[in-house]
There are 2 protein chains.
Amino acid sequence: MDCEELSEKCLAVYQASLELIAEQGFHGTPMSQIAKKAGVGVGSIYRYFKDKDDLIHGVHAQADRKMMEALVSVHIAGSSEKDQFYALVTSLTKHLMENPLEFRFLEQYYNSPYGTEKKREKFFEEMPSDEKTSPFLSLLKGDSFKDLPLPVLHALAFGPLIFSLRDHLSGIQLLDDNLIDNLAEGCWDAVRKS
Amino acid sequence: MDCEELSEKCLAVYQASLELIAEQGFHGTPMSQIAKKAGVGVGSIYRYFKDKDDLIHGVHAQADRKMMEALVSVHIAGSSEKDQFYALVTSLTKHLMENPLEFRFLEQYYNSPYGTEKKREKFFEEMPSDEKTSPFLSLLKGDSFKDLPLPVLHALAFGPLIFSLRDHLSGIQLLDDNLIDNLAEGCWDAVRKS
DNA sequence: GGATGCGGAGCGAACGTTCATTCCGGAGGT
DNA sequence: ACCTCCGGAATGAACGTTCGCTCCGCATCC
C-alpha cells in the first residue's frame with residue numbers, strides 16, 4: 001500500500017503500472033504484464049499492494065504528489081498575483097507536458113469510478129484539516145480574482161489546460177512556449193476581476 | 001454496428017450500456033449485465049454489434065450526435081457573436097447537466113484508449129470534407145475572438161465547462177443558472193479579443 | 001540452518017463470444 | 001377458416017481464454 005520508498009522493486013512496479021495503464025487503460029493492462037515490465041514476479045506485487053485497486057490508487061497518489069511538488073517548487077511569494085498566476089499555470093502545463101504518462105493516467109483515473117469516489121472523500125476530508133493545499137487554491141483567494149466560488153475559479157483557470165494538453169498529446173495542436181503563454185493569458189482573463 | 005433505429009431492442013441495449021458504463025466504467029460492466037438490464041439475451045447483442053468495442057463506439061457516436069443536435073438547435077444566426085457564444089455555452093452546459101450519463105460516458109471515452117484513437121482519426125478525416133462541424137468551431141472564427149489556433153480557443157471556451165460539470169456531478173460545487181452565467185462570462189473573457 | 005523475500009506455475013472465477021436450439025408471425029395450401 | 005410450414009430473430013448454456021490472486025518451493029542473507 002505505502003511502499004515506504006525503500007524498495008526499488010516497488011518503484012519499478014509503480015513505473016511499469018504508470019506507463020502501461022496510461023497507454024492501455026486500467027482494464028487493458030493485466031497484472032502479469034505489469035510484473036513482466038517491472039521485472040518482478042506477479043506474486044511480488046502482492047507483497048506491496050493488497051490488490052489491483054490498491055496499486056492503482058497508489059500510482060495515483062504518487063503522480064498527484066509529484067504534480068503538487070512541481071507546483072510548490074515554483075511558487076514565488078514576492079511577485080504580483082498576476083505573475084504568480086502565470087508562473088503556476090506555465091509550470092503546471094510544462095510539468096504535464098514533460099510527464100505525459102502522468103497526465104494520461106490522472107485523466108483516466110479522475111474520469112473513472114476510481115477517481116470520482118476518491119475525489120469526493122478527498123474533498124470532504126481536506127476541508128477541515130489539510131492546510132497545505134494546492135498553491136493555486138490559496139492564490140485564487142486573492143484580491144485580483146473574481147468573487148466566485150473557488151471550484152469555479154479553479155475550473156476557469158485549469159480547464160483550458162487539460163483540454164489543450166489532450167490536444168497536444170494527440171498531436172492535434174502542439175503546444176510551444178508562445179502558445180502556453182497565450183493560454184495563460186486566456187486563463188488570466190477568465191479569472192481576473194475586470 | 002449501425003442499428004438503423006428500427007429495433008427497440010437495440011435502443012434498449014444502447015441505453016443500458018450508457019447507464020452501466022457511465023457508472024461502472026468499461027471494464028466494470030460485463031456484456032451479461034448489459035443484456036440483463038436491456039431485457040434481452042446476451043447473444044442478441046451480437047446481432048447488432050460485432051463485439052464489445054463496436055458497441056462502445058456505437059454508444060459514443062449516439063451520445064456525441066445527441067450533443068451536436070442540442071447545440072445546433074440553439075444556434076441563432078441573427079444575434080451578436082457574444083450572444084451566440086453565451087447561448088451556446090449555456091445550452092451545452094445545461095444539456096450535459098440534464099444528461100449526466102452522457103457526460104460521464106463521454107469523459108471516460110475520450111480519456112481512454114478508445115477515445116484518443118477515435119479523436120485522431122476524426123480530426124484528420126474531418127478537415128477536408130465535413131463542413132457542418134460544431135457550431136462552436138465556426139463561431140470561433142469570427143472577428144470577436146482572439147487570433148489563436150482554433151483548438152486553443154476551443155480549449156479556453158470548453159475546458160472550464162468540463163471541469164465545472166465534474167464538480168457538479170460529484171457534488172463539490174452545484175451549478176445553478178447564476179453560476180452558469182458566471183462561467184459563460186469567464187469563458188467569454190478568456191476568448192474575446194480585448 | 002532458520003528466517004525472510006521473491007518468483008511464477010497454477011487456481012477458480014469471470015469474461016467475451018459462439019452456436020445449437022427455441023420462438024414467433026405470416027405465407028400458402030387445403 | 002384452419003392447419004402447416006418456414007425463415008429469421010432471439011436465446012442462454014457452454015466454450016475457450018484470460019484475469020486477479022494464491023501458494024509453495026527456491027534463493028539469499030545473517
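For clarity, every value in this text was computed on a predicted model and none was experimentally measured. The chains referred to below are lettered A, B, ... by the order of the sequence lines, with proteins before strands, and numbering in each begins at 1.
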Give the nucleotide from the list D:dC21, C:dT17, C:dG7 with an atom nearest to the side chain of A:Ser44. C:dG7
Return no unless some side-chain N or O of A:Tyr48 is found under 4.0 Å from OP1 or OP2 of C:dG5. no
Centroid separation B:His60 to B:Tyr110 less than 6.0 Å: yes
Out of C:dC15, C:dT17, D:dA10, whichever nucleotide has its closest atom nearest the side chain of B:Pro30: C:dC15
What nucleotide, of D:dT11, D:dA13, C:dA9, holds the atom closest to the side chain of B:Val42? D:dA13
For the residue pair B:Trp188 and B:Phe85, categorise the inter-ring angle as parallel (less than 30°), tilted (30 to 60°) or perpendicular (more than 60°). tilted
Residue A:Arg47, side-chain atoms from C-beta onward, closest of C:dC6, D:dA10, C:dT17: C:dC6
Choosing from C:dG7, D:dC21, D:dA10, which nucleotide comes nearest the side chain of B:Lys9? D:dA10
C:dC15 P sits how many Å from B:Asp53 CG, rounded? 16 Å
Rounded distance in Å - CD1 (A:Ile34) to P (D:dT18): 17 Å
Between B:Met31 (CE) and D:dG16 (P), how many Å, whole number? 20 Å
Expressed as a whole number of angstroms, how long is the span from A:Tyr46:OH to D:dC21:P? 4 Å
In this structure, how many angstroms lie between the P atom of D:dG12 and the CD atom of B:Gln33, rounded? 16 Å
Quick check: does any side chain N or O of B:Asn99 sit under 3.5 Å from a backbone N or O of B:His95, one acting as donor and the other as acceptor? yes
Euclidean distance, atom CZ of residue B:Phe49 to atom C1' of C:dG16 [Å, nearest integer]: 15 Å
Indicate, with yes or no, if the rings of B:Tyr14 and B:Phe49 have centres closer together than 6.0 Å. yes
